[in-house]
Peer 1: 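This is the structure I have questions about; it appears just below.
Lettering of chains follows the sequences in order, A, B, ..., and the numbering in each one begins at 1.
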There are 2 protein chains.
Amino acid sequence: MNHSAKTKQPDISLAICGYSRVLEIISDKWTALIIYALENGGVRYGEIERRIEGISKKMLTQTLRKLEWNGLVQRHITPTVPPMVEYSLTSLGGSLLQPMRELRQWGRDNYWHVEEARANYEAMSEK
Amino acid sequence: MNHSAKTKQPDISLAICGYSRVLEIISDKWTALIIYALENGGVRYGEIERRIEGISKKMLTQTLRKLEWNGLVQRHITPTVPPMVEYSLTSLGGSLLQPMRELRQWGRDNYWHVEEARANYEAMSEK
DNA sequence: CGGGATCCTACGAGATACTG
DNA sequence: CAGTATCTCGTAGGATCCCG
């Protein structure tokens, strides 16, 4: 009753692949860094901005909104003047930390292999 | 001797973060799907194309080249006419499978939470 | 303090056509 | 079969200025 039993392999569909769906959520340039900034608890807007080198207000706000929209981050406003806004991970957001840490670790352990491969590839192309 | 001992937290730097480096490698639209297509061994160009729904020759070739450049995939040509080209994961590429599978699993398990959060967020905005 | 509104541009990626 | 070569377009993301 399911997909093509006679052909060698099932299709790989972008629309259905769990990985693609995760990427849609966490592959924006600043998303992961913001999640890491929040991994130890709630942090104020300005403090996140200070912690992450090079991020602009626009990108910070935009990325936080998307994280909120996806249910990974929650926003808590204390209506003083001026206002104080604190962001924190939801439990859904927290559940992403473990798998993300593993990818990060892979990057730390293996990035030099990647750089080596690139140098090698380019050396080959020139000959 | 290291970074600012008196300020509350060390900076989070895009350039240095292991996670950002991994994203640089595997966040392209088709990259993960190609890696999955190769997870059980070498596959020919045309076969990858058939397995991945919706990919164009241009994107397939371009993504394969980048994967090769990064040392994750290797290319083996049998110079018959017409030529036969087989791609397979290197050991470096294979080492990415485990962490990627975990993210994929997260997507499968939690995507419905994300969709729920989105619906909720939008319902809030309208009021 | 914590944003929002605009403008601009580089680049990812699709469509289409051609080739050894 | 396994690619290249162009053309085009949408959008992510940076810069800048303004606001309650």
Peer 1: Starting at atom CD1 of A:I34, determine the distance to atom P of C:dG3, rounded to an integer number of angstrom.
Peer 2: 11 Å
Peer 1: Among the candidates C:dG3, D:dA2, D:dG20, find the nucleotide nearest to the side-chain atoms of A:P83.
Peer 2: D:dG20
Peer 1: Salt bridge (Lys or Arg N to Asp or Glu O under 4.0 Å) with B:E24: which residues, sequence neighbours excluded?
Peer 2: A:R118
Peer 1: Looking at A:E53, is its backbone amide N or carbonyl O close enough to the side chain of B:S13 to form a donor-acceptor pair, meaning the two atoms are under 3.5 Å apart?
Peer 2: no
Peer 1: Could you tell me if the side chain of A:M84 sits less than 4.5 Å from the side chain of A:Y45, heavy atoms only?
Peer 2: no
Peer 1: DNA chain C: B:D28 or A:E86, which has the more 5' nearest nucleotide?
Peer 2: A:E86
Peer 1: Looking at CG of A:L33 and CG of B:D11, how far apart are the two atoms once the value is rounded to the nearest 0.5 Å?
Peer 2: 11.5 Å
Peer 1: Examine C:dG4: is either OP1 or OP2 under 4.0 Å from a nitrogen or oxygen in the side chain of A:Y45? Give yes or no.
Peer 2: no
Peer 1: Can you pull out the residues from residues 64-76 of chain B that lie within a 4.0 Å heavy-atom distance of DNA chain D?
Peer 2: B:R65, B:R75
Peer 1: Between B:N110 (side chain only) and B:W106 (backbone N and O only), is there a donor and an acceptor less than 3.5 Å apart?
Peer 2: yes
Peer 1: Test of understanding: clusters of I, L, V, M, F, W, Y form through side-chain heavy atoms closer than 4.5 Å, transitively. Do B:L23 and A:L97 belong to the same one?
Peer 2: yes
Peer 1: In whole angstrom, what separates B:E24's CD from D:dG13's P?
Peer 2: 14 Å
Peer 1: From C:dG2, C:dG3, D:dC1, pick the nucleotide closest to the side chain of B:P82?
Peer 2: D:dC1
Peer 1: How many whole angstroms separate atom CD1 of A:I77 from atom P of C:dG3?
Peer 2: 7 Å
Peer 1: For residues 100-111 of chain B, pull every pair meeting salt bridge (charged side-chain N to carboxylate O under 4.0 Å, His left out), keeping only residues two or more places apart or in separate chains.
Peer 2: B:E39-B:R101
Peer 1: Keeping to residues at least two apart or across chains, list the side chain to side chain donor-acceptor pair (under 3.5 Å) pairs with something in residues 25-36 of chain B.
Peer 2: B:D28-B:K66
Peer 1: Applying the side chain to side chain contact (heavy atoms under 4.5 Å, CB included) test to A:L67, which of A:T90, A:V73, A:I26 qualifies?
Peer 2: A:V73
Peer 1: What is the distance, to the nearest angstrom, from the CD1 atom on A:I48 to the C1' atom on C:dG3?
Peer 2: 13 Å
Peer 1: Verify, without hydrogens or angle tests, whether A:S125 (side chain) and A:Y121 (backbone) share a donor-acceptor contact under 3.5 angstrom.
Peer 2: yes
Peer 1: Taking atom OH of B:Y87 and atom CD1 of B:I48, what is their separation to the nearest 0.5 Å?
Peer 2: 7.0 Å
Peer 1: Of the options D:dA2, C:dC1, C:dG3, whose atoms approach the side-chain atoms of A:R44 most closely?
Peer 2: C:dC1
Peer 1: Atom pairs under 3.5 Å, N or O on each side, protein against nucleotides 14-18 of chain D: can you list them with distances?
Peer 2:
{"residue": "D:dG14", "atom": "OP1", "partner": "A:K29", "partner atom": "NZ", "Å": "2.4"}
{"residue": "D:dG14", "atom": "OP2", "partner": "A:W30", "partner atom": "NE1", "Å": "3.2"}
{"residue": "D:dG14", "atom": "N7", "partner": "A:K58", "partner atom": "NZ", "Å": "3.1"}
{"residue": "D:dG14", "atom": "O6", "partner": "A:K58", "partner atom": "NZ", "Å": "2.4"}

Peer 1: Check DNA chain D for consecutive Watson-Crick or G-U pairs with both distances under 3.5 Å and list the runs of at least three as stems.
Peer 2: C:1-20 with D:1-20
Peer 1: Expressed as a whole number of angstroms, how long is the span from A:R50:CZ to C:dG2:C1'?
Peer 2: 12 Å
Peer 1: Could you work out which one of C:dC1, D:dG3, C:dG3 sits closest to the side chain of B:T61?
Peer 2: D:dG3
Peer 1: With a 4.0 Å cutoff (strictly under), does any side-chain N or O of A:Y87 reach OP1 or OP2 of C:dG3?
Peer 2: yes
Peer 1: Please give, in whole Å, the distance from C:dA15 C1' to B:Q62 CD?
Peer 2: 14 Å
Peer 1: Check the distance between D:dA2's P and B:L60's CG and give it to me in whole angstrom.
Peer 2: 10 Å
Peer 1: I'd like to know if B:Y19 and A:W112 are part of one continuous hydrophobic network [Ile/Leu/Val/Met/Phe/Trp/Tyr, side-chain heavy atoms within less than 4.5 Å].
Peer 2: no
Peer 1: Rounded to whole angstrom units, what separation is found between the CD atom of A:E47 and the P atom of C:dG3?
Peer 2: 15 Å
